[in-house]
Amino acid sequence: MHHFKFTLLLFFVSVINFPFAEAQINVIPSPASVDMMHGSFNMDKSTSIVLVDDILKLNQKEIEQFNLWMQLQYGIKLNQVNNLKATANTIQILSETTESEKYELNIQGDKIKIKASGEGLKNAFETLKQLMHVNKKDEQFLIPSCFITDSAQFKWRGMHLDVSRHFFEKQYIKKYIDYISMYKMNVFHWHLTDDQGWRIEIKKYPKLTEVGAWRKGSMIGHYTAHQFDTLNYGGFYTQEDIKEIVAYAKLRHVTIVPEIEMPGHSLAALASYPQFACTSATFEVEKKWGVFNDVFCTKPETFAFMEDVLTEIIVLFPGEYIHVGGDECPKERWKNCSNCQNLIKKEGLKDEHELQSYFIQRIEKFLNKNNKKLIGWDEILEGGLAQNAAVMSWRGIDGGIAAAKQHHYVVMTPGTHCYFDHYQGNPFMEPLAIGGFNPLEKVYTYNPIPSALNESESKYILGAQANVWTEYIRTFKDVEYFALPRMAALAEAIWTPPESKNITRFLINIQSHFGYLDLYKTNYSRSIYNINYTIKKDSLNGALHLNLSNVLFENNAAFLGDTIVLINDEKLISNNNESILLNKSFSGSAQFRRKSAFLGKATPIEFHYNRATGKEISFKNLPSEYYNKGNLTDGQKAHFPRINNEWLAWSGQNMEASINLKDTLLLESINIGFLKNEQDWIYLPSDVEIFISLDNLTFVKLDLKPNISEHKGKHIYQFEIGKLNAQYINIKATCAAKIEASKPGAGENAWLFVDEIEVE
Ligand code: ACM
Ligand code: ZN
């Protein structure tokens with residue numbers, strides 16, 4: 001039986017007095033301007049809404065929506081009165097004549113005055129709803145008196161959702177739109193088609209959904225594991241569904257931008273109508289994630305097909321933009337297709353990149369003729385941008401900069417800050433994701449205006465959006481987890497003016513905002529409470545220290561009394577401060593504690609103290625500059641999913657490590673961890689040799705074969721030495737030969753990934 005001796009180490013982290021502690025409202029995104037006043041408005045079930053203007057009839061829908069919400073959340077139906085003199089305990093709505101997202105909200109004395117119309121009125125109600133929730137006391141809402149004037153920093157405030165890789169039923173799309181509207185965002189970019197599924201009914205081409213909406217299996221686990229299930233998977237939206245969702249979005253002042261992918265990411269369409277491919281092959285709706293060589297051919301029939309599809313799309317979606325994808329289109333098929341090559345000659349194009357540009361330009365002319373604007377991923381810049389096209393910059397910000405300099409409109413959505421399919425916490429504590437690292441506080445720092453643009457060029461930046469690609473996001477619960485609360489951070493980054501942004505306030509507000517999301521039973525991530533740790537080596541004496549941290553402490557957003565608690569089952573020698581000396585093995589966890597509650601997940605910490613721990617290690621060949629952050633003697637084994645900075649790696653070069661144990665020690669065994677992952681070009685060493693020495697001059701080569709054990713691709717090579725004295729150990733791991741022809745990365749140098757070296 002395992003005796004769990006509960007040892008708590010408390011970290012008393014000083015909480016600096018927070019400048020916003022007094023009179024401060026909690027609304028996300030934070031309004032552009034708030035003047036706090038004394039007192040509060042006490043709202044309750046006897047509060048009525050006063051309709052002051054005739055113009056108000058235009059806003060009946062917004063008022064209805066608010067009242068429906070009141071009934072749903074609190075069982076209160078506010079009275080509507082027409083009497084101008086009824087001022088006490090009222091919400092008065094004074095409509096603006098022109099609709100915009102702006103609003104004024106004046107909460108004072110015995111009334112609330114709202115000045116807004118349409119989208120602005122909806123936004124005022126979103127603010128009021130959040131204020132009510134945080135200020136609810138029993139049956140009343142004690143809303144602090146304040147004067148809010150609010151408007152958006154950017155015009156395009158979007159959220160994307162991929163429904164091809166995984167399909168989400170109509171009711172979930174509506175819930176996604178609710179979140180968009182809640183955060184005063186206004187664009188829903190609906191990624192409706194891709195290789196793994198076509199999700200929208202097109203009357204003229206019924207096979208797009210009869211065939212294209214269904215695949216015969218999906219990947220399980222990470223792409224790199226290359227495993228599949230054999231389940232039939234699919235679904236699609238009928239045109240009736242689409243109309244219903246478009247109307248639902250309109251009521252919430254959200255515009256839908258549908259995306260129909262072309263010319264790449266088109267296997268679901270080609271599985272349905274193979275005649276639009278370059279070859280005479282037949283295709284299946286794809287089970288694997290990735291980028292595929294079979295794409296739409298540029299023959300005339302394809303354009304006729306695309307125009308037919310877009311004709312139906314244009315009717316369904318009233319917004320001004322249609323997204324046509326344009327990303328990740330390999331040119332392999334076009335290079336070997338007589339149709340495509342003839343078109344290149346006929347149009348005097350330079351190459352296949354110009355052919356892609358021709359494709360997009362031709363589609364743009366069609367859209368423009370039908371009063372729609374084209375937007376596409378930044379690849380549409382290659383070979384020349386279509387005349388009026390807007391660009392969505394996803395491969396970093398360079399595409400956005402180039403487009404803005406050419407006076408084209410841009411939506412920023414760089415992978416660094418706007419990909420919400422990336423990890424938001426330690427990968428070993430999060431649901432499986434594609435990779436990357438994009439925590440809440442990083443999203444918050446995002447500024448869509450690149451410094452490379454001058455003021456007039458900056459005007460072409462319409463705004464930003466986050467993308468939720470769903471290869472690893474199977475259910476709507478998972479969509480919520482990946483999207484929230486990061487969506488709140490992005491909303492504030494693009495709504496609130498930069499001078500009103502404050503990471504401390506945001507991180508404090510988001511914690512009580514979690515209670516608001518609870519009203520919607522949202523499966524938001526609580527990863528901000530998780531504890532991160534590092535093991536640092538004292539450069540003077542080589543001692544190792546464990547440092548625990550958390551984003552809330554780092555940003556002054558923890559509450560008085562919050563602590564980080566280290567839990568272990570052995571006595572730990574500690575200097576009882578933020579940094580703990582590690583001089584023996586440790587197995588335990590760290591967790592955030594508020595009052596008596598543990599928040600977030602416990603972070604497991606495994607530290608294996610051995611004779612190499614903290615000892616000096618040097619390398620004859622330096623590791624690759626891309627993978628040089630790891631430490632092979634820090635007592636820490638690398639985690640899975642892989643975190644690159646926990647490894648050292650060499651490409652086409654051997655690892656030749658020298659360890660100085662500082663003293664002559666009796667050695668029994670040496671363990672070395674190597675990774676094997678052929679998808680990522682990572683191979684085991686072809687040979688591992690060990691040399692030991694007493695004086696660093698004369699080395700003896702040990703004639704040993706390792707015992708090899710494997711877990712998740714990590715191979716531990718264990719060398720049993722017997723008992724030998726040594727102070728110096730040299731280890732030579734020979735990098736595998738160049739990658740063979742049938743494997744990913746064929747002909748390239750193999751990578752050698754190493755972590756960790758343990759000596760007993
Ligand atoms: C993209 O992520 N392929 C736009
Ligand atoms: Zn072709």
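Order of listing sets the numbers, starting from 1, for every ligand and every atom in it. Side chains included, hydrogens not; waters and symmetry mates left out as well; all remaining heavy atoms used.
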Look at atom 3 (N) of ligand 1 and say which protein heavy atom is nearest, naming residue and atom and giving the distance to 0.1 Å. Asp327 OD2, 2.6 Å
Look only at the side chain of Thr470 and the backbone of His166, and say whether a donor-acceptor pair between them is shorter than 3.5 Å. yes
Just to the nearest 10 degrees, tell me the angle at the Zn ion (ligand 2) spanned by Cys278 SG and Cys337 SG. 110°
Would you kindly check if the NZ (Lys) or CZ (Arg) of Arg362 is within the cone defined by 45 degrees around the ring axis of Phe303 and under 6.0 Å from the six-membered ring centre? yes
Ligand-side contact atoms (ligand 1) for residue partner Trp469, heavy atom cut-off under 4.0 Å: 1 (C), 2 (O), 4 (C)
Approximate separation, where rounding is to 0.5 Å, of Cys329 SG and Glu261 CD: 9.5 Å
Taking the six-membered ring of Tyr248 (Phe, Tyr or Trp), confirm whether the NZ or CZ of Arg252 is under 6.0 Å from its centre and within 45° of its axis. yes
Does a side-chain N-to-carboxylate-O contact under 4.0 Å join Glu244 and Lys174? yes
Have a look at the Zn ion (ligand 2) and estimate, to 10 degrees, the angle subtended by SG (Cys340) and SG (Cys297). 110°
Are any of the N or O atoms of Trp377 closer than 3.5 Å to those of ligand 1? no
Does Lys216 make a cation-pi contact with Tyr233 (under 6.0 Å, within 45 degrees of the axis)? no
Among all protein heavy atoms, pick out the one at the shortest distance from atom 2 (O) of ligand 1; state its residue, atom name and that distance to 0.1 Å. Tyr419 OH, 2.6 Å
Evaluate Glu328 for polar contact with ligand 1, using N/O atom pairs at a separation under 3.5 Å. yes
